[in-house]
Trainee: 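Below you will find the structure I want to go over with you.
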Amino acid sequence: MEQPPTEAVESLSVSDPQIPQSSNPSPTHLLTPEEKFQIVRSVGEECIQEDELLNLLTKKPEPVCYDGFEPSGRMHIAQVGVMKTINVNKLTSAGCIVKIWIADWFAKLNNKMGGDLKKIETVGRYLIEIWKAVGMDLESGKVEFLWSSKEINARADEYWPLVLDIAQKNNLKRIIRCSQIMGRSEQDELTAAQIFYPCMQCADIFFLKADICQLGMDQRKVNVLAREYCDDIKRKNKPIILSHHMLPGLQQGQEKMSKSDPSSSIFMEDEEAEVNVKIKKAYCPPKTVEGNPCLEYIKYLVLPWFNEFTVERSADNGGNKTFTSFAELTAAYESGELHPGDLKPALAKSLNKILEPVREHFRKDSNAKELLKRVKAYRVTK
């Protein structure tokens, strides 16, 4: 199975999200706090606050990172699939414990899968199968999958008073501002359940005893709410916010890859031919880097995974070329030396190499195959 490589600490640069990798990383106990900081910080497009993160990694050998997802349909390669795997593996390589919150109750509150908890559970189990197949670091014992319904029911006397206290300390306007975390906007007509959702997600951070909130930029507002709540209750140690970049959809102007629009998404178990067609049709204007989804996928998925990006061309078109940094790639693309007609097939080939173990797992494992069949039959609801 092709595995996502881990970090080469001495090469890290916080300012460059393309982090060179090494197949022989330093054992966690040999890393200095500063080296751990470089690895962990590289996960986020934004960090609130860097000095707090360094202090945490200096004092706590195994800080707890909170990540979560709504089981809401097939998994695509962007935020949830390949990127989450890369980020989780970085965090565990730095000694972090990663608690992945399978937010089944939250999916119900947000009317995902029509609010059907049985379907939501099926989707959750399917997602775990994908992470097992793609190479998430599940053998180290540092990754925990926790179902929100089971954990909340087991410690209801702890959870619900916390939710109510957060709700009491915030007005309705402040909570509605967090609606982005559900894929909603402040202008949407929210149900009462959806208004309660941010209070619960804020409570999750404290309920799971998280030191770091490792979520996408779209979850930033509720993570800030958690830090504000610490001020309300006079709590000194605030959760550190580590917000990762959000990859766009494949078509022009799509800020976020969406499973509800198949043309914008590459799914984790897509066949090779499907990936090839989707990348061929993707928006990729010549000599333009800004707003180019193909280049973003190379920057945030391919380069961190393989440590290089190889373009195969005929001798007449310049011959084969291997790029080891995003700066080198963009320079060639902006100059016109690298054309979309050569870049796209190379991108599709790289993505297919990452996804092949997933396809193989869903072809051969009877449980995974049945889960995928059921998930594909579900109608995606917003």
Side-chain angles (χ1 to χ4, degrees), residues 2 4-5 8 11-22 42 44-46 76-79 81-83 86 216-217 244-258 261-268 270-356:
E2 186 81 30
S11 301
L12 291 170
S13 169
V14 169
S15 62
D16 185 354
Q18 190 274 308
I19 307 298
Q21 310 286 318
S22 168
S42 73
E45 184 170 82
E46 178 189 57
H76 54 62
I77 64 170
Q79 285 67 245
V82 177
M83 180 176 277
I86 290 170
M217 287 294 293
H244 67 70
H245 180 72
M246 302 294 291
L247 286 174
L250 292 172
Q251 303 306 311
Q252 185 176 5
Q254 293 179 325
E255 293 183 359
K256 182 178 175 181
M257 185 175 280
S258 171
D261 179 3
S263 69
S264 86
S265 306
I266 293 175
F267 296 107
M268 292 293 290
D270 272 350
E271 293 297 334
E272 181 177 350
E274 292 178 288
V275 174
N276 292 341
V277 169
K278 289 179 179 181
I279 292 298
K280 186 176 182 179
K281 293 180 178 179
Y283 180 65
C284 190
K287 300 184 180 181
T288 302
V289 173
E290 189 71 26
N292 188 324
C294 291
L295 288 172
E296 287 221 21
Y297 292 177
I298 297 168
K299 178 179 182 179
Y300 289 99
L301 302 180
V302 176
L303 282 170
W305 195 282
F306 296 111
N307 197 30
E308 64 182 24
F309 176 64
T310 299
V311 176
E312 297 177 354
R313 301 179 295 195
S314 67
D316 291 342
N317 287 332
N320 295 351
K321 173 71 174 177
T322 296
F323 301 93
T324 57
S325 75
F326 189 66
E328 181 187 12
L329 175 66
T330 54
Y333 194 79
E334 285 183 312
S335 70
E337 177 191 339
L338 177 59
H339 189 270
D342 295 317
L343 181 142
K344 284 186 173 185
L347 172 57
K349 184 175 181 178
S350 295
L351 293 177
N352 275 315
K353 191 172 182 182
I354 295 172
L355 297 180
E356 184 53 33

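Every heavy atom of this structure was used, including side-chain atoms; hydrogens, water molecules and symmetry mates were not.
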Trainee: Are the side chain of Asn320 and the backbone of Arg313 linked by a donor-acceptor contact shorter than 3.5 Å?
Mentor: yes
Trainee: Using the rule given for side chain to side chain contact (heavy atoms under 4.5 Å, CB included), can you reason through His76 versus Ile266, listing the C-alpha separation, both sets of side-chain angles and the distance that settles it, and then say yes or no?
Mentor: CA-CA 5 Å; His76 54 62; Ile266 293 175; 5.9 Å; no
Trainee: For the residue pair Val302 and Leu351, establish whether any side-chain heavy-atom pair is separated by less than 4.5 Å.
Mentor: yes
Trainee: Decide whether a cation-pi geometry holds between Lys321 and Phe323; the criteria are a distance under 6.0 Å from NZ or CZ to the six-membered ring centre and an angle within 45° of the ring axis.
Mentor: yes
Trainee: So how far is it from Asn292 CG to Glu334 CD, rounded to the nearest 0.5 Å?
Mentor: 10.5 Å
Trainee: Could you go through the side chain to side chain contact (heavy atoms under 4.5 Å, CB included) check for Leu303 and Phe326 one step at a time?
Mentor: CA-CA 8 Å; Leu303 282 170; Phe326 189 66; 4.0 Å; yes
Trainee: For the residue pair Pro293 and Gly249, what are the closest heavy atoms and their distance?
Mentor: CB-O, 3.3 Å
Trainee: Has the side chain of Ser350 got a donor or acceptor atom that lies under 3.5 Å from a matching backbone atom of Ala348?
Mentor: no
Trainee: Is there any salt bridge (Lys or Arg N to Asp or Glu O under 4.0 Å) pair reaching into residues 285-296, and which pairs are they, with sequence neighbours excluded?
Mentor: none
Trainee: What is the distance from atom NZ of Lys353 to atom CZ of Phe306, rounded to the nearest 0.5 Å?
Mentor: 5.5 Å
Trainee: Crowded around Lys344 NZ? As in, over 12 foreign heavy atoms under 6.0 Å?
Mentor: yes
Trainee: Test Val311 against every option in Leu347, Leu338, Leu329, Thr322 by the side-chain contact (heavy atoms from CB on, under 4.5 Å) rule and name the one that passes.
Mentor: Leu338
Trainee: What is the distance from atom CE of Met217 to atom NE2 of His244, rounded to the nearest 0.5 Å?
Mentor: 10.5 Å
Trainee: I need the minimum non-hydrogen distance between His245 and Glu45, along with the two atoms involved.
Mentor: ND1-OE2, 2.5 Å
Trainee: To the closest 0.5 Å, what do you measure between OH (Tyr300) and CE (Met246)?
Mentor: 12.0 Å
Trainee: Working to the nearest 0.5 Å, report the span between CG of Asp342 and CD of Glu337.
Mentor: 10.5 Å
Trainee: Taking all non-hydrogen atoms of both residues into account, name the closest pair between Pro340 and Cys284 and its distance.
Mentor: CG-O, 3.4 Å
Trainee: Grab the two heavy atoms, one from Pro248 and one from Gln254, that are nearest each other, plus how far apart they are.
Mentor: CB-O, 3.0 Å
Trainee: If the condition is side-chain hydrogen bond (donor to acceptor under 3.5 Å, both in side chains), which residues does Ser335 pass it with, not counting sequence neighbours?
Mentor: none
Trainee: When you look at Ile298 and Leu343, which way does the side chain to side chain contact (heavy atoms under 4.5 Å, CB included) test go after all the steps?
Mentor: CA-CA 10 Å; Ile298 297 168; Leu343 181 142; 3.9 Å; yes
Trainee: Looking only at non-hydrogen atoms, find the nearest pair between Phe309 and Ala346 and report the distance.
Mentor: CZ-CB, 3.5 Å
Trainee: Determine, step by step, whether Lys281 and Val277 satisfy the side chain to side chain contact (heavy atoms under 4.5 Å, CB included) criterion, reporting the C-alpha distance in whole Å, the side-chain angles of both residues, the deciding distance to 0.1 Å, and the verdict.
Mentor: CA-CA 6 Å; Lys281 293 180 178 179; Val277 169; 3.8 Å; yes
Trainee: Just how far is it from atom OH of Tyr333 to atom CG of Leu295, taken to the nearest 0.5 Å?
Mentor: 6.0 Å
Trainee: Under 3.5 Å, is there a donor-acceptor pair linking the side chains of Asp270 and Asn352?
Mentor: no
Trainee: Which atom names give the shortest non-hydrogen contact between Phe267 and Lys278, and what distance separates them?
Mentor: CD1-NZ, 3.8 Å
